[in-house]
Asks: 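Shown below is the structure under consideration.
Counting from 1, the numbers follow the sequence of the chain as shown.
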Amino acid sequence: MPEMPEHHDEGSAIASTGASGATDLAMSEAETLEKAPGGPEGTGPDKKARSLWSDAWHDLRRNPIFIISGLIILFLVVIAIWPQLIASGNPLDCDLSKAQEGSQPGHPFGFNGQGCDVYTRTVYGARASIQVGVLATLGVTLLGSVLGGLAGFYGGAWDGFLSRITDIFFAIPVVLGGLVLLSVVSNNSVWPVIGFMVLLGWPQISRIARGSVITAKQNDYVQAARALGASNSRMLLRHITPNAVAPVIVVATIALGTYISLEATLSFLGVGLKPPTVSWGIDISSASQYIRNAPHMLLWPAGALAVTVLAFIMLGDAVRDALDPKLR
């Protein structure tokens, strides 16, 4: 009888070569998948899975709201640091003979009730508002994140104590608290206003940081680090903080615009920044009594304040959309 040709299927090949043959075949198939063109992103040898931050930056660069608000904020920061770039005059130089006059050559925004150039004061007013907003946000974020993060990580009596303190501060109306606390301060600098905002603003960030830390410390990688004997400080700094800071950044970015408007509100009421400090809130307050006869005195500083607050709120919304996986 003629000999039948031998047929070896994949299963018999693996069986005949044993465990080493199966391992070689699996490795060969893995190499083929890695070298195959057109595979899914992140599967090839030259592709790396993007982190949350790189993913967020990838989305932000393509978001027109982020680009527009970022350019506005960059412009505001530049003129806050170097106002003389676009305003050559002195905001404190006034001429009473020109009080309440409208636009003139070299003075496009007209003059206020004291005869000061409204354009120059509007440009220089960005410095105090940006300074108060940025420094207050940094102080609130730092204090609230530390207190809330420690409460969320350790829990127990410290968490309960901080929660009760937070409830007390939440019960204090911000504007009313400013009227009471700042009315006794005679210092004309920005530091009393910044200190007041930090004092009453940290509970919101603290609540956000506490919730983020509680969520992050329940993840598997934190439990694995704990099982391997990692110290509390290492878990907080290396594993929990990088994965819990995104909500804090979003809230802080939006709050920055809120603090700028709060400074203008307190200055308008006479308890915030005080002359000779140049501030949008001070100019709006002094121009409010001339709204019928000289509306330009109010419209320009109020418009600059509105654009600034809107830019920071838009930036915060764009950052929130990029960092929140639920909104993708």
Side-chain angles (χ1 to χ4, degrees), residues 68-69 72-73 75-80 83-134 136 173-176 178-179 182-183 188-190 192-194 196-197 255-315:
I68 294 172
S69 60
I72 294 174
I73 293 172
F75 172 74
L76 291 170
V77 171
V78 170
I79 67 171
Q84 62 273 13
L85 291 177
I86 61 174
S88 58
N90 188 333
L92 301 179
D93 287 343
C94 304
D95 186 356
L96 283 175
S97 63
K98 298 181 179 180
Q100 302 183 35
E101 291 185 4
S103 176
Q104 297 179 6
H107 307 279
F109 294 176
F111 299 87
N112 65 7
Q114 301 296 322
C116 304
D117 184 34
V118 175
Y119 171 77
T120 304
R121 290 187 65 85
T122 301
V123 172
Y124 275 81
R127 172 177 292 178
S129 297
I130 297 295
Q131 184 179 6
V132 170
V134 171
V174 177
V175 176
L176 180 59
L179 290 173
L182 295 177
S183 61
N188 293 332
S189 68
V190 299
V193 179
I194 295 173
F196 161 75
M197 292 182 180
L256 201 157
T258 305
Y259 292 135
I260 292 176
S261 63
L262 178 59
E263 177 273 318
T265 302
L266 296 174
S267 299
F268 178 86
L269 295 174
V271 297
L273 302 181
K274 300 176 179 64
T277 304
V278 181
S279 166
W280 291 331
I282 295 175
D283 288 352
I284 293 172
S285 177
S286 62
S288 59
Q289 55 184 323
Y290 304 108
I291 184 63
R292 292 181 180 272
N293 300 327
H296 65 276
M297 295 170 48
L298 176 65
L299 294 179
W300 291 111
L305 175 64
V307 170
T308 303
V309 174
L310 179 62
F312 280 105
I313 292 177
M314 291 170 56
L315 180 70

Asks: Closest approach of Val278 and Arg121, non-hydrogen atoms and distance?
Replies: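 Taking Val278 first and Arg121 second, the nearest heavy atoms are CG1-O, 3.5 Å.
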Asks: Quick one: OH on Tyr124 to CG on Asn90, what's the gap to the nearest 0.5 Å?
Replies: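 Tyr124 OH to Asn90 CG: 6.5 Å, rounded to 0.5 Å.
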Asks: If you take all heavy atoms of Gly133 and Leu256, which pair is closest and at what distance?
Replies: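 Heavy-atom minimum between the residues: O-CG, 3.7 Å.
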Asks: Tell me if a side-chain donor or acceptor on Ser129 pairs with a main-chain N or O of Ala126 at a distance below 3.5 Å.
Replies: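 Side chain of Ser129 to backbone of Ala126, a donor-acceptor pair under 3.5 Å: no, none is there.
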Asks: Mind running side-chain contact (heavy atoms from CB on, under 4.5 Å) on Val271 and Phe196 for me, showing each step along the way?
Replies: CA-CA 11 Å; Val271 297; Phe196 161 75; over 6 Å; no
Asks: Nearest 0.5 Å, what's the CG-CD1 distance between Leu305 and Ile284?
Replies: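 Result: 5.0 Å between the selected atoms.
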Asks: Would you name the heavy atoms of Leu266 and Leu182 that are closest together and state the gap between them?
Replies: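 In terms of heavy atoms, the two residues are closest at CD1-CD1, 3.8 Å.
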Asks: Name the orientation class of the two ring planes belonging to Phe109 and Trp300 (parallel below 30°, tilted from 30 to 60°, perpendicular beyond 60°).
Replies: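 Parallel, since the angle between the ring planes stays under 30°.
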Asks: Rounded to the nearest 0.5 Å, what separates atom CD in Glu263 from atom CD1 in Ile282?
Replies: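 Going from CD on Glu263 over to CD1 on Ile282, the span is 7.5 Å.
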Asks: Is any side-chain heavy atom of Val132 less than 4.5 Å from a side-chain heavy atom of Tyr259?
Replies: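 Not touching, per the 4.5 Å side-chain cut-off.
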Asks: In Å and rounded to the nearest 0.5 Å, what is the NE2 to OG1 distance from His107 to Thr120?
Replies: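 Between atom NE2 of His107 and atom OG1 of Thr120 there are 8.0 Å.
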Asks: Could you tell me whether a side-chain N or O of Ser267 sits under 3.5 Å from a main-chain N or O of Leu273, the two making a donor and an acceptor?
Replies: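 It does hold such a pair.
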Asks: Tell me the closest heavy-atom pair linking Val118 and Pro301, and the distance in Å.
Replies: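 Taking Val118 first and Pro301 second, the nearest heavy atoms are CG1-CD, 4.4 Å.
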Asks: Which value, rounded to the nearest 0.5 Å, describes the distance between Ile68 atom CD1 and Leu310 atom CG?
Replies: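 Reported value, rounded in 0.5 Å steps: 10.5 Å.
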Asks: If you take all heavy atoms of Gln114 and Leu96, which pair is closest and at what distance?
Replies: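 Where Gln114 meets Leu96 most closely, the heavy atoms are O-CD2, 3.6 Å.
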Asks: Looking at every heavy atom in both Ala80 and Arg127, which two are closest together, and how far apart are they?
Replies: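 So the two residues come closest at O-NE, 3.0 Å.
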Asks: Please walk me through it: do Val77 and Val134 pass side-chain contact (heavy atoms from CB on, under 4.5 Å)?
Replies: CA-CA 10 Å; Val77 171; Val134 171; over 6 Å; no
Asks: What side-chain donor-acceptor pairs closer than 3.5 Å can you find for residues 287-294, not counting sequence neighbours?
Replies:
residue, atom, partner, partner atom, Å
Ser288, OG, Ser285, O, 2.8

Asks: Keeping Trp280 on the side-chain end and Thr122 on the backbone end, is there a donor-acceptor pair under 3.5 Å?
Replies: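 Confirmed, Trp280 side chain pairs with Thr122 backbone.
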Asks: Would the distance check show the side chain of His296 and the main-chain N or O of Phe111 forming a donor-acceptor pair, the cut-off being under 3.5 Å?
Replies: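 Confirmed, His296 side chain pairs with Phe111 backbone.
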Asks: Does CD belonging to Gln100 count more than 12 external heavy atoms closer than 6.0 Å?
Replies: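 Result for CD/Gln100: enclosed.
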Asks: So how far is it from Ile260 CD1 to Thr308 OG1, rounded to the nearest 0.5 Å?
Replies: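 Spacing of CD1 (Ile260) from OG1 (Thr308) equals 6.0 Å.
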